[in-house]
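Structure first, then comments.
All figures in this text were calculated on a predicted structure; none of them were measured in a lab. Note that these values count all heavy atoms, side chains included, but never hydrogens, waters or copies made by symmetry.
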Amino acid sequence: MSKISKIGVVGAGNMGSGIAQKIAQEGLDVVMVDTGEEWVQRGMDNIERLLREGAERKIFHPDDIGRIMSRITGTTDLQALADADLVIEAVFEDKGVKAELFKKLDAICMEKTILATNTSSFYVREFAEATSRPDRVIGLHYFYHPAKNRLLEVIPHGTTSSQTIDRALLAAKLHGKTAILVKDAPGFAVNRFFVPFLNEAARMLEEGVAGIPTIEEAAKRAFRIGMGPFELMNVTGIPIAVHASATLGNELGPFYMTAGIMKSQMEKKADWDLTGDVQEEKIGAVMDRLYGVCLGVAAALVDEGVATMEDTDRGAKVGLRWTLGPFEIMNRLGIEKTFALVEKVVYRYPDFRMPGLLTAQRRSGRPFAFALVNLAIDQEIATITINRPEAMNALNETVVEQLTERFSEAERNPGVSAIVFQGAGKAFVAGADIRYFVEKIKAGKIADIVDFTRKGHRLFRRIEDSKKRTIALLDGLSMGGGSELALACQAIVATPAGSLSFPETGIGIYPGLGGMLRLGRHLGPELAKYYVLTGAAITAADAQALGIVTRLVDPSAVDEAIRDLITEDRTDKYRPRPIPDRFTLWRTLFGAENTAILLEGKIPPGTDEAVVSRILKTLGNKAPLALKLVNQIIDRQAKVFPDEGIEIELDNLSTIFATADALEGLSSLGRKKPEYKGV
């Protein structure tokens with residue numbers, strides 16, 4: 001797969017400039033084209049304004065603004081896109097204008113350039129047909145605001161090549177998007193159920209079922225969202241909702257057609273009036289009707305093969321910021337209630353039919369089961385993907401269970417010689433699911449945590465000792481359990497975006513899946529203590545210098561690196577290796593005697609006071625009991641065989657999770673700075 005180094009965006013409006021901004025933020029060069037200098041400049045000004053707002057909110061450092069802007073070239077010349085690897089069309093929704101643009105781009109761009117449309121209303125295939133390269137045309141549907149919203153629908157049409165799909169998914173990953181694969185169908189996935197959500201709200205208002213404040217409140221409660229349908233239409237524009245529903249209605253029938261009151265409101269050129277009182281007695285009925293429509297449509301689109309259940313849920317959670325996806329909501333309501341609510345929609349709208357998926361699920365009497373870990377086999381290489389990007393692929397009981405099943409399946413396959421582990425989206429694996437730990441502690445079920453961890457250890461030892469070559473593809477952030485999974489593999493192929501870290505002492509616990517043991521075997525106890533006690537990240541470059549990462553390559557060279565690696569003789573990943581001089585400071589500072597002094601909050605003699613003061617400040621934000629246990633465990637593990645070292649970690653889990661500091665740290669994550677008491 002060739003490198004993606006230059007991306008073009010046609011259209012400098014809110015969507016186009018937002019797409020260009022996001023691409024540049026992630027370190028890629030982008031050319032933004034529009035028809036007039038004034039439009040190009042307005043787009044550039046919008047990007048700079050949003051970046052400055054981000055700097056004020058401390059999302060960016062002020063120095064980053066200039067670097068990001070330097071990656072964006074604004075022009076009116078389409079010829080500037082001739083050598084782009086990918087061109088994204090983001091002009092206004094006019095089929096003729098878009099088709100004509102695709103003809104021009106097809107003539108201008110080099111043969112390998114992929115042409116993508118950001119359309120939300122038209123079939124992707126219609127624009128592919130306007131070119132001589134239909135196999136290199138794909139849909140990339142961004143969500144507003146594209147510099148902030150992480151969702152990207154990737155939409156191949158009937159003759160889009162597999163290579164184009166792979167490169168589109170790589171491009172999505174390179175600029176920090178959570179991609180879902182969607183069929184070229186009306187509304188794609190998310191708008192297919194989101195637009196009826198808006199439309200049904202308007203119909204209930206039109207029918208006098210409830211007023212706007214009541215419908216707003218019911219929607220917020222039903223989907224646990226910050227804005228209801230009418231406020232959302234005010235923010236994004238009522239004409240957009242009218243256009244989207246009319247498009248769906250024309251393609252799919254009267255159920256999807258625009259509510260009359262929505263058209264009238266657009267013609268008034270006025271926002272919906274959100275003022276008034278909530279009628280509590282009507283909330284339940286409104287919630288049920290919204291559920292019936294949204295859940296019914298979600299089931300229908302999965303029935304039709306537009307998207308998977310998992311990607312449909314992912315689209316709602318990432319793109320619409322719902323707390324739960326449609327199928328997760330169905331599980332919460334129960335299949336009987338879900339079926340009954342959708343059945344009412346079927347009675348109300350004769351052209352809407354009960355999805356076969358719901359009928360079959362009701363017959364089974366079971367909740368929906370989700371595939372969070374996927375296995376794909378290409379010749380001799382099995383790739384296991386932890387596919388939970390909305391949660392940064394965090395490990396929980398279901399993920400570990402499915403990871404074990406997929407690994408066993410790959411190991412049993414006689415045609416497989418190598419097994420690659422990767423994470424979907426921007427992260428590799430961001431550790432264990434913190435909510436799981438909090439729930440178990442509060443329920444007094446710490447034994448379940450120990451059992452969960454023991455199962456994880458068994459799996460990781462199998463991965464480490466497998467006769468098949470096991471490789472971690474570290475092409476994004478990893479923390480805690482994710483870093484421990486990577487270290488358990490026999491080799492690590494990383495991209496510059498990859499990293500390892502062990503932040504557990506900052507949330508009141510310690511790495512429990514072999515991270516201390518394996519880091520110590522790689523680097524010695526001194527550096528293991530430095531990284532685990534401080535939580536300092538190990539960049540991919542540093543991990544390669546330390547001998548942890550086997551290959552460090554550009555994302556486009558990952559497949560080649562993996563294939564090269566599996567043809568080579570295996571080496572002992574823990575083999576003795578020289579540690580670069582730049583790590584000597586940390587090895588000295590975290591020797592046995594110095595570590596004991598540091599944990600007392602003191603400066604070891606003969607050390608750099610300024611450096612140590614910063615370290616002490618870092619350690620001061622960690623849980624004291626966790627720091628003490630880490631120091632003891634790493635020292636003990638250095639003297640025993642691996643399986644004994646694992647038992648040392650497991651033996652102390654009940655102790656650490658029973659502390660008040662563990663509950664404080666885990667419960668505070670993302671909410672406030674924890675206050676540790678040392679108990």
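Under a 4.0 Å N-O distance rule, the pair Lys3/Asp85 does not qualify as a salt bridge. A salt bridge is defined here as a Lys NZ or Arg NE, NH1 or NH2 lying under 4.0 Å from an Asp or Glu carboxylate O, and Asp661 with Lys677 fails to meet this definition.
To the nearest 0.5 Å, the span separating OH on Tyr530 from CZ on Arg587 amounts to 14.0 Å. The distance from the OG atom of Ser162 to the CZ atom of Arg167 is 12.5 Å, given to the nearest 0.5 Å. Atom OG1 of Thr404 is separated from atom NZ of Lys455 by 9.0 Å, given to the nearest 0.5 angstrom. Separation of atoms CG (Asn374) and CD1 (Ile384) is listed at 10.0 Å; rounding is to 0.5 Å. To the nearest 0.5 Å, atom CD of residue Glu411 and atom OG1 of residue Thr470 are 9.0 Å apart. Put simply, CG on Leu86 and CD1 on Ile23 are 7.0 Å apart, with the number rounded to the nearest 0.5 Å.
In Glu568, the CD atom is crowded: over 12 heavy atoms of neighbouring residues, nucleotides or ligands sit closer than 6.0 Å. In the displayed structure, Glu560 atom CD is contacted under 6.0 Å by at most 12 heavy atoms of other residues, nucleotides or ligands. Other residues, nucleotides and ligands contribute over 12 non-hydrogen atoms within 6.0 Å of the CZ atom of Arg461. The 12-atom threshold is not exceeded at CD of Glu675, counting heavy atoms of other residues, nucleotides or ligands nearer than 6.0 Å.
Looking at Pro642 and Glu464, their side chains never come closer than 4.5 Å, going by heavy atoms from C-beta outward. With a 4.5 Å cut-off on side-chain heavy atoms, Pro674 and Ile507 do not count as touching. A heavy-atom distance below 4.5 Å is not found between the side chains of Glu647 and Asp643. The closest side-chain heavy-atom distance from Pro156 to Leu181 is below 4.5 Å. With contacts defined as side-chain heavy-atom distances shorter than 4.5 Å, the pair Leu598/Pro604 qualifies. Side-chain atoms of Ile138 and Val154, non-hydrogen and from C-beta on, do get closer than 4.5 Å to each other. Looking only at side-chain heavy atoms (C-beta outward), Met69 and Arg67 stay at 4.5 Å or farther from each other. The side-chain heavy atoms of Thr550 and Val493, taken from C-beta on, include no pair separated by under 4.5 Å.
Listed here is the closest heavy atom pair of Ala541 and Leu552: CA-CD2, 3.9 Å.
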Next item on the list: Output, in order, the C-alpha distance, side-chain angles, deciding distance and verdict of salt bridge (charged side-chain N to carboxylate O under 4.0 Å, His left out) for Asp448 and Lys440.
Entry: CA-CA 7 Å; Asp448 288 355; Lys440 292 298 182 182; 3.0 Å; yes
Margin query: Run the salt bridge (charged side-chain N to carboxylate O under 4.0 Å, His left out) test on Glu26 and Lys426 for me, step by step, so that the C-alpha distance in whole Å, both residues' side-chain angles and the decisive distance to 0.1 Å come before the verdict.
Written below: CA-CA 11 Å; Glu26 298 299 326; Lys426 197 170 183 177; 3.4 Å; yes
Next item on the list: For the pair Met392 and Val429, evaluate side chain to side chain contact (heavy atoms under 4.5 Å, CB included) and give the outcome as yes or no after the intermediate values.
Entry: CA-CA 6 Å; Met392 297 179 73; Val429 176; over 6 Å; no
Check: Should Arg388 and Asn396 be marked as a side chain to side chain contact (heavy atoms under 4.5 Å, CB included) after you check the CA-CA gap, both sets of side-chain angles, and the distance that decides it?
Finding: CA-CA 11 Å; Arg388 204 181 170 216; Asn396 60 19; 3.4 Å; yes
Check: For Arg563 and Asp378, what are the C-alpha separation, side-chain angles and deciding distance, and is it a salt bridge (charged side-chain N to carboxylate O under 4.0 Å, His left out)?
Finding: CA-CA 11 Å; Arg563 293 196 178 277; Asp378 181 12; 3.5 Å; yes
Item checked: Worked check of side chain to side chain donor-acceptor pair (under 3.5 Å) between Ser478 and Ser483 -> CA-CA 5 Å; Ser478 81; Ser483 297; 2.7 Å; yes
Note to self: Under the criterion salt bridge (charged side-chain N to carboxylate O under 4.0 Å, His left out), I'd like the reasoning laid out for Lys672 against Glu664: C-alpha separation, chi angles, the key distance, then a yes or no.
What the structure shows: CA-CA 10 Å; Lys672 67 180 183 70; Glu664 170 68 12; 2.7 Å; yes
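Test Lys317, Arg150, Arg314, Lys173 against Pro389 for side chain to side chain contact (heavy atoms under 4.5 Å, CB included) and you get one pass: Arg314. Residue Val611 is tested with Leu585, Leu616, Ile603 for a side chain to side chain contact (heavy atoms under 4.5 Å, CB included); the sole match is Leu585.
Side chain of Lys573 to main chain of Leu487: a donor-acceptor pair is present (N/O by atom type, distance under 3.5 Å, no hydrogens or angles). With hydrogens and angles disregarded, no donor-acceptor distance shorter than 3.5 Å links the side chain of Lys529 to the backbone of Ile634. Remark: the backbone N or O of Asn149 is paired with a side-chain donor or acceptor of Lys177 at under 3.5 angstrom. A side-chain donor-acceptor contact under 3.5 Å links Asp64 to the backbone of His61. Remark: side-chain polar atoms of Asp433 are not paired, donor with acceptor, to backbone N or O of Leu395 under 3.5 angstrom. A donor-acceptor pair under 3.5 Å is absent between the side-chain atoms of Arg551 and the main chain of Ala561, judged by distance alone. The backbone N or O of Ile648 lies less than 3.5 Å from a partner atom in the side chain of Asn652, making a donor-acceptor pair. At least one donor-acceptor pair under 3.5 Å links the side chain of His175 to the backbone N or O of Ala171. At distances below 3.5 Å, at least one donor-acceptor pair connects side-chain atoms of Arg577 with backbone N or O atoms of Leu546. At distances below 3.5 Å, at least one donor-acceptor pair connects side-chain atoms of Arg575 with backbone N or O atoms of Asp572.
Side chains of Glu644 and Gln637: no donor on one and acceptor on the other come within 3.5 Å. Asn387 and Thr385 share no side-chain donor-acceptor pair at under 3.5 Å.
Note: Phe407 and Phe421 have tilted aromatic rings, judged against thresholds of 30 and 60 degrees for the angle between ring planes.
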